2 protein chains.
Amino acid sequence: MKNKPTTKERLIQAAVVIFAEKGYHNATVAEICEAAEANIAAVNYHFGDKENLYRQVWAFLFEKSALEHPLPTALPETEPERWLRDFIRSRIEEIFDTGICHRLPQLLHRIKCEHTELHDFVFETYLRPGHERVTRAIKALLGPHATDNQRKLAHINFMGLHIFLNVGHQKDKEKKNKRQHLPAIDDPSELARQVEEFALGGLLATRNLIQHTGTIS
Amino acid sequence: MKNKPTTKERLIQAAVVIFAEKGYHNATVAEICEAAEANIAAVNYHFGDKENLYRQVWAFLFEKSALEHPLPTALPETEPERWLRDFIRSRIEEIFDTGICHRLPQLLHRIKCEHTELHDFVFETYLRPGHERVTRAIKALLGPHATDNQRKLAHINFMGLHIFLNVGHQKDKEKKNKRQHLPAIDDPSELARQVEEFALGGLLATRNLIQHTGTIS
DNA sequence: ACCAATTTCAAACGTCCATTTGAAATAATT
DNA sequence: AATTATTTCAAATGGACGTTTGAAATTGGT
């Protein structure tokens with residue numbers, strides 16, 4: 001009852017881990033094949049080239065994580081504050097997922113660092129829907145007086161929180177021995193709570209700023 | 001009255017730009033030498049190797065930017081809110097500096113992406129003092145009830161704002177044609193104002209959360 | 001058992017890039 | 001002017017890595 005996975009499957013599995021830990025450029029085809037117990041030529045045979053393997057890894061991982069850590073179901077416009085809180089929580093649970101799903105934000109962290117068209121491909125293919133729903137929630141929360149520029153900046157500030165948290169977490173994973181940036185995460189839920197609070201506090205303060213200063217036009 | 005800079009100086013100048021735009025690994029010695037109008041062997045002759053050139057670039061840039069965009073002078077403990085606001089403003093002015101100084105956050109953005117001991121070197125050599133003063137300001141602002149973990153997380157959230165803003169700004173610079181993440185920055189000061197407001201709003205909300213839920217201990 | 005298609009394999013190829021080398025050119029010293 | 005030290009230069013070296021190749025091994029169908 002071994003049912004050893006096919007070479008192709010083993011390559012994907014190995015590539016998920018190695019791409020996530022080292023990024024696209026620093027990962028070598030040789031080490032992926034070695035980890036998958038496959039020949040050096042296996043990647044090119046089964047996937048054509050390294051880049052296509054990378055795309056398959058994304059497809060595999062994203063599909064998996066979208067099931068376990070989906071976007072909040074409610075409409076972002078109706079209860080924007082609630083929606084944004086749930087969104088953050090989902091992202092943080094994904095970061096600290098103990099299964100395979102934490103490889104997705106890890107991979108995301110990596111790809112943001114390499115300038116390649118792969119980044120655009122990933123954003124357009126996988127990230128845009130979530131991005132647009134955040135946009136709508138923030139628009140609803142800030143109210144009709146906010147300018148597009150103010151919304152964009154608030155969006156950046158909002159997203160920066162969990163994304164940067166992810167960066168810190170990835171760094172901590174890399175160097176287990178050294179001093180850690182993050183608190184020990186005995187309880188991701190409590191951590192998520194604090195990030196939620198910071199994010200909403202920031203957004204509401206932004207709303208106040210906008211309403212009090214008013215805008216020309 | 002030409003007074004053409006020495007080869008060594010030209011190499012540094014060229015390397016600042018190229019390292020900042022492409023990062024350490026993607027920048028080649030050949031292109032740096034070409035931009036500096038120097039021979040391919042010039043880097044090794046004047047600096048020993050590529051890595052050492054990189055360190056010299058940091059020393060040069062950091063010194064320059066520390067003069068133009070210094071940390072706030074006040075003690076972080078006395079008026080933490082004021083100090084943190086000034087800190088953010090200084091960082092944002094640096095990001096949008098129109099001279100050479102914007103290369104520093106750009107370089108910082110790059111180095112965070114490459115896993116190399118250079119990152120640790122840079123942090124320990126240049127960034128630690130600023131880091132510690134932020135720590136103290138946040139500690140003062142959150143009050144004595146906050147746990148170390150809560151402070152660490154608040155610190156991450158706070159720093160994430162301008163760091164992630166920098167990331168977005170760098171991305172926008174890379175692909176001028178494509179859709180931009182950030183608002184057009186006609187006025188960095190107004191942008192800084194909104195980030196300040198978000199940051200302090202977030203921190204104060206965090207303080208409220210801590211005081212209301214209370215901590216065991 | 002035989003043939004054809006698929007998959008695996010070790011070796012080789014080609015490219016990119018940091019670094020070295022040793023000679024040539026230039027500057028500094030006497 | 002002659003000698004020495006410094007700097008520049010083109011070419012070569014060597015290593016890393018993605019990809020190709022063609023033969024060998026395995027699998028599937030009849």
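Naming convention: chains lettered A, B, ... in sequence-line order (proteins, then strands); numbering from 1 in each chain. Owing to the predicted nature of the structure, the values given are computational and were not obtained by experimental measurement.
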### Query
Is Asn39(B) near enough to dA10(D) that one of its side-chain N or O atoms lies under 4.0 angstrom from OP1 or OP2?
yes
### Query
Do the ring planes of Tyr126(A) and Trp58(A) sit parallel (below 30°), tilted (30 to 60°) or perpendicular (above 60°)?
parallel
#### Entry: Ile32(A) CD1 - dC17(D) C1' separation (whole Å)
12 Å
### Query
Can you name the residues that form a ring pair (Phe, Tyr, Trp, His ring centres under 6.0 Å) with Phe47(B), not counting sequence neighbours?
none
### Message
Closer than 3.5 angstrom, by distance alone: can the side chain of Asn166(A) be matched with the main-chain N or O of Pro105(A) as a donor-acceptor pair?
### Response
yes
### Message
Assess, by modelled atom type and distance only, whether the side chains of Gln170(A) and His109(A) contain a donor and an acceptor separated by less than 3.5 Å.
### Response
no
### Cation-pi, Phe87(A) ring and Arg89(A) (6.0 angstrom, 45 degrees)
no
### Check: Thr147(A) main-chain N/O paired with Gln150(A) side-chain donor or acceptor under 3.5 Å
yes
### Arg136(B) bridged to Glu132(B) by N-O distance under 4.0 Å
no
### Task
Would you mind reading off the distance between Asn52(A) atom CG and dG18(D) atom P, rounded to a whole angstrom?
15 Å
### Task
Strictly below 4.0 Å, heavy-atom distances to any atom of DNA chain C: list the hits from residues 42-49 of chain B, or just say none.
Asn44(B), Asp49(B)
### Query
Is Arg110(B) salt-bridged to Glu114(B), cutoff N-O under 4.0 Å?
no
### Task
Would you check, one step at a time, whether the test ring pair (Phe, Tyr, Trp, His ring centres under 6.0 Å) holds for His155(B) with His131(B)?
CA-CA 9 Å; His155(B) 190 143; His131(B) 180 89; 4.5 Å; yes
### Query
Between Thr7(A) and dT8(C), is there a side-chain N or O to OP1/OP2 distance below 4.0 Å?
yes
### Query
Are Phe60(A) and Gln13(A) close enough that some pair of their side-chain heavy atoms sits under 4.5 Å apart?
yes
### Query
With the threshold set at 4.0 Å, does a side-chain nitrogen-carboxylate oxygen contact exist between Lys22(A) and Glu31(A)?
yes
Strictly under 3.5 Å: I want the nitrogen or oxygen pairs between protein and nucleotides 12-15 of chain D, one per line.
none

#### Entry: Stretch residues 10-24 of chain A: residues that reach within less than 4.0 Å of DNA chain C through a heavy atom
none
### Task
Starting at atom CD of Glu31(B), determine the distance to atom C1' of dA18(C), rounded to an integer number of angstrom.
13 Å
## Note on the structure
Reading nucleotides 22-29 of chain C from 5' to 3' and marking B where a protein heavy atom lies under 4.0 Å of the base, S where only the sugar-phosphate is that close, and - otherwise, the string is --------
Every protein N/O lying under 3.5 Å from an N/O of nucleotides 14-17 of chain C:
none

### Query
Any ion pair linking Arg193(B) and Glu197(B) (charged N to carboxylate O, less than 4.0 Å)?
yes
### Message
Between Glu51(A) and Arg55(A), does any NZ, NE, NH1 or NH2 come within less than 4.0 Å of an OD or OE carboxylate oxygen?
### Response
yes
### Query
Any idea how Phe19(A) and Tyr54(A) line up, ring-wise: parallel (<30°), tilted (30 to 60°), or perpendicular (>60°)?
perpendicular
### Query
Under 3.5 Å, side chain of Arg91(A) to main-chain N/O of His69(A), donor-acceptor pair present?
yes
